[in-house]
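I have placed the structure first, in the form of structure tokens, so that the comments after it can refer back to it.
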Amino acid sequence: MKRISILLSIILAFQLSLKAQIYKDKKAPIESRIKDLVSKMNLDEKILQLNQYTAGLNTNVNNIGEATKSIPDGIGSLIYFSADPVWRNEIQKKAMEESRLGIPILFGFDVIHGFRTVYPISLAQACSWDPALVTQAAAIAAKEAKLSGVDWTFSPMIDVARDPRWGRVAEGYGEDPYTNAMFGVATVKGYQGKNLSDPNSIAACLKHFVAYGASEGGRDYRYSDVSMQSLWETYLPPYEACVKAGAATVMSSFNDISGVPGSANPYTLTEILKKRWKHDGFVVSDWDAIAQLINQGVAADRKEAGYKAFMAGVEMDMKDNIYFENFKALIAEKKIPMSKIDDAVSRILRVKFRLGLFDQPYTTVVDESARYLQSESKTIAQKLAAESMVLLKNESKTLPLTASARQIALIGPMAADKSNLLGAWSFNGREYDVESLSEGITKEFGTTAKIDVAKGCDFDGNDESGFSEAISLAKKSDVILVCLGEKKGWSGENASRSTIALPAIQEKFVQELKKTGKPIVLILSNGRPLELVRLEPLADAIIEIWQPGIAGGSALAGILSGRINPSGKLSITFPLTTGQIPTYYNMRQSARPSGNQGDYQDISTQPLYWFGHGLSYTTFDYGIPKLSATKIKKTDKLSVEVEVSNTGNVAGTETVLWYISDPACSISRPMKELKYFDKKELAPGAKTIFKFEIDPNRDLSYVDSNGKRFLESGDYFVIVNNQKMKFEIID
Ligand code: NOJ
């Protein structure tokens with residue numbers, strides 16, 4: 001009898017202990033695990049969860065901050081400036097085994113366009129119009145990052161950007177809200193996989209919430225004066241799409257949004273993100289963005305800055321230590337309610353539980369050779385580089401090069417360069433992984449042509465001493481391939497330029513080369529649209545290769561030889577001059593559109609290359625679009641089809657961009673808005689149908705300045721390849 005009762009009490013104790021440890025029970029629902037854990041946490045433990053410190057070497061000069069500290073084992077997150085899973089596991093072990101409750105640390109890092117396998121910059125990726133390929137690239141980036149110890153990336157950046165002086169245009173997907181939404185969603189899907197807890201998934205972070213792309217003068221950390229209409233119509237839609245796609249976290253922006261900074265903005269962070277869109281992950285501030293509320297003039301001191309950021313909806317303090325320093329006092333003073341702390345902690349824990357960190361807190365350690373640059377990763381890098389390059393000009397079929405190009409002069413500062421092809425935010429990229437343009441071209445043409453390589457001049461400065469060597473090589477060549485562009489540090493954070501022209505030395509160099517009378521192919525590698533008004537007339541052909549990552553050399557070489565038929569189209573407009581900024585395709589109509597009314601007196605108002613521009617080695621013929629009806633009810637669907645034929649001699653891939661316009665509405669609407677795109681390969685002589693299913697509520701409606709959606713009856717146009725087809729929506 002006695003033995004039975006002892007047994008019973010052991011079973012009861014065991015059951016109780018299990019119940020008491022719900023948060024450790026893998027099978028329990030995540031919400032129960034969160035509730036249980038929060039109920040067990042003391043205030044110090046809760047506050048630590050709301051902070052992110054740094055770990056490892058901080059090599060970002062813009063993130064001047066604290067040196068790596070001794071890491072508290074209860075810290076919520078670390079910015080992990082390392083790729084050493086063994087070291088990461090040691091830190092994690094301390095958190096799991098030495099902290100009272102064993103809460104895993106979330107390791108975050110900027111994985112922007114690849115980890116070690118560096119892909120083209122995001123702006124270039126969008127020129128591929130291939131979201132499925134971008135998903136694959138992001139999935140590889142996630143896998144490489146995860147195996148290096150990263151759980152969470154600060155990406156994608158989905159800030160619509162219409163001022164190419166801004167260095168960060170390189171990091172997003174261009175000037176159009178729909179394009180940013182589509183590529184943002186594709187990237188989130190790649191990082192997060194089917195399930196955040198999958199072994200190769202990492203959490204995404206949408207940034208920078210919001211309207212950072214509207215920063216005044218294209219300068220960083222500045223004021224964004226956006227109307228409520230543009231906020232809803234232009235800057236918020238990519239975020240809404242990515243939140244719906246399940247993005248785990250969001251980063252609040254540096255910029256002041258019309259008087260209320262992005263990191264202390266209750267309207268954007270709480271009303272829109274949490275209440276209307278029901279985002280249940282968390283918001284992290286940008287680096288130092290909370291302390292900067294003092295500079296921005298909305299907080300008198302660090303304590304008030306922390307209070308404002310937190311109450312507005314920023315759950316995690318990136319690196320500032322402000323939450324850690326001030327929250328005990330703010331809670332004691334009853335300024336911050338405990339319920340809000342618990343909600344914030346729950347949001348952070350939710351992401352950790354969803355990532356499976358409680359159940360598998362450690363990184364699987366594999367050898368670097370099994371971690372990085374696998375052949376599948378390199379294939380995707382090559383494909384994406386090739387698809388994102390844009391043939392801007394091709395006079396008299398200069399390209400592809402023919403067999404008569406037996407002597408090639410490959411010159412310019414980018415010709416043999418490796419490092420700059422990686423682009424900004426490529427911390428784990430290695431110069432020696434990169435195939436330079438000259439390596440790619442030599443491999444492609446080495447047996448059929450003689451290739452002479454010379455630098456000629458640097459990216460900037462005024463040293464012309466290399467001109468003569470390059471010019472003499474050019475003189476004896478059949479074609480001159482001039483590789484120009486921007487250094488990688490000219491784009492990215494805090495890297496604005498007052499002019500988008502290339503430095504004068506590069507322009508002068510091409511002017512000198514032109515005097516040789518040889519055909520000139522301009523190859524441009526840069527992180528923003530360039531002012532090409534002086535260079536374009538000197539070139540017979542121009543290829544925009546952006547910052548293509550590790551595989552740019554072979555991708556470019558394939559385009560030059562014709563092995564690859566270029567198919568990229570611009571995701572951002574190239575203004576004719578810097579003075580034309582802002583110039584973007586989805587502008588609103590002028591009140592006087594005809595004649596030269598409202599034009600500049602000194603230059604054309606047309607940009608050099610519009611959004612969507614991109615040439616091919618074949619020609620595509622568009623038939624007349626056919627609508628399934630010309631009058632439909634708001635609740636009906638309408639389909640529109642266009643037949644596209646490849647009328648040239650080589651296979652080619654065409655992306656069809658479908659736009660909508662509403663010529664008369666209660667509020668003025670952009671002249672046209674991209675609503676759908678589709679890409680198909682066509683053999684020479686082949687025809688295919690491209691189809692767009694118009695859903696009036698999704699594609700024809702507009703948001704007002706409060707975010708309310710309206711669909712009006714009346715006339716609309718669907719526009720494809722400049723053909724406008726009218727239809728009517730009836731009540
Ligand atoms: C500042 C940048 O604005 C942001 O994009 C980045 O994620 C953080 N620093 C962390 O490095």
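Both counts, for ligands and for their atoms, begin at 1 and track the order of listing.
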Pick out which of Glu486, Lys488, Glu544 makes a side-chain hydrogen bond (donor to acceptor under 3.5 Å, both in side chains) with Asn526.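 So, applying the side-chain hydrogen bond (donor to acceptor under 3.5 Å, both in side chains) to Asn526 and each of Glu486, Lys488, Glu544, only Glu544 qualifies.
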Is there a polar contact, in the sense of an N or O pair closer than 3.5 Å, between [X] and ligand 1?
| X | result |
| --- | --- |
| Trp287 | no |
| Asp286 | yes |
| Tyr212 | no |

Tell me the contacting part of Gln52 for ligand 1: side chain, backbone, both, or neither, using a 4.0 Å heavy-atom threshold, strictly below. neither
Which part of Met251 is near ligand 1, with near meaning a heavy atom under 4.0 Å away: side chain, backbone, both or neither? side chain
Using a 4.0 Å cutoff against the non-hydrogen atoms of [X], which atoms of ligand 1 qualify?
| X | value |
| --- | --- |
| Lys207 | 4 (C), 5 (O), 6 (C), 7 (O) |
| Arg168 | 2 (C), 3 (O), 4 (C), 5 (O) |
| Asp110 | 6 (C), 7 (O), 10 (C), 11 (O) |
| Phe154 | 7 (O) |
| Glu493 | 1 (C), 2 (C), 3 (O), 9 (N) |

For Lys143, does the NZ atom have more than 12 heavy-atom neighbours from other residues, nucleotides or ligands under 6.0 Å away?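 It does not: Lys143 NZ has 12 such atoms or fewer within range.
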SB check Asp301 Lys303 (cutoff 4.0 Å): no
Could you check whether Arg497 pairs with Glu531 (Lys NZ or Arg NE/NH1/NH2 to Asp/Glu carboxylate O, under 4.0 Å)? no
Can you pull out every salt bridge (charged side-chain N to carboxylate O under 4.0 Å, His left out) where at least one residue sits in residues 170-179? Sequence neighbours excluded, please.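 Only Arg168-Glu171 qualify under salt bridge (charged side-chain N to carboxylate O under 4.0 Å, His left out).
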Whether Lys340 engages the ring of Phe310 as a cation-pi pair (distance to the six-membered ring centre under 6.0 angstrom, angle to the ring normal within 45°) should be assessed.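 Yes, cation above the ring, under 6.0 Å and within 45°.
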What I want to check is whether the side chains of Tyr239 and Asn180 have a donor and an acceptor closer together than 3.5 Å. no
Between the side chains of Gln296 and Gln292, is a donor N or O closer than 3.5 angstrom to an acceptor N or O? no
Does the residue Phe109 have a heavy-atom contact with ligand 1, meaning some pair of atoms that are separated by less than 4.0 Å?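 Phe109 does not count as a contact of ligand 1 under the 4.0 Å cut-off.
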Is the closest heavy atom of His208 to ligand 1 under 4.0 Å?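 Contact present.
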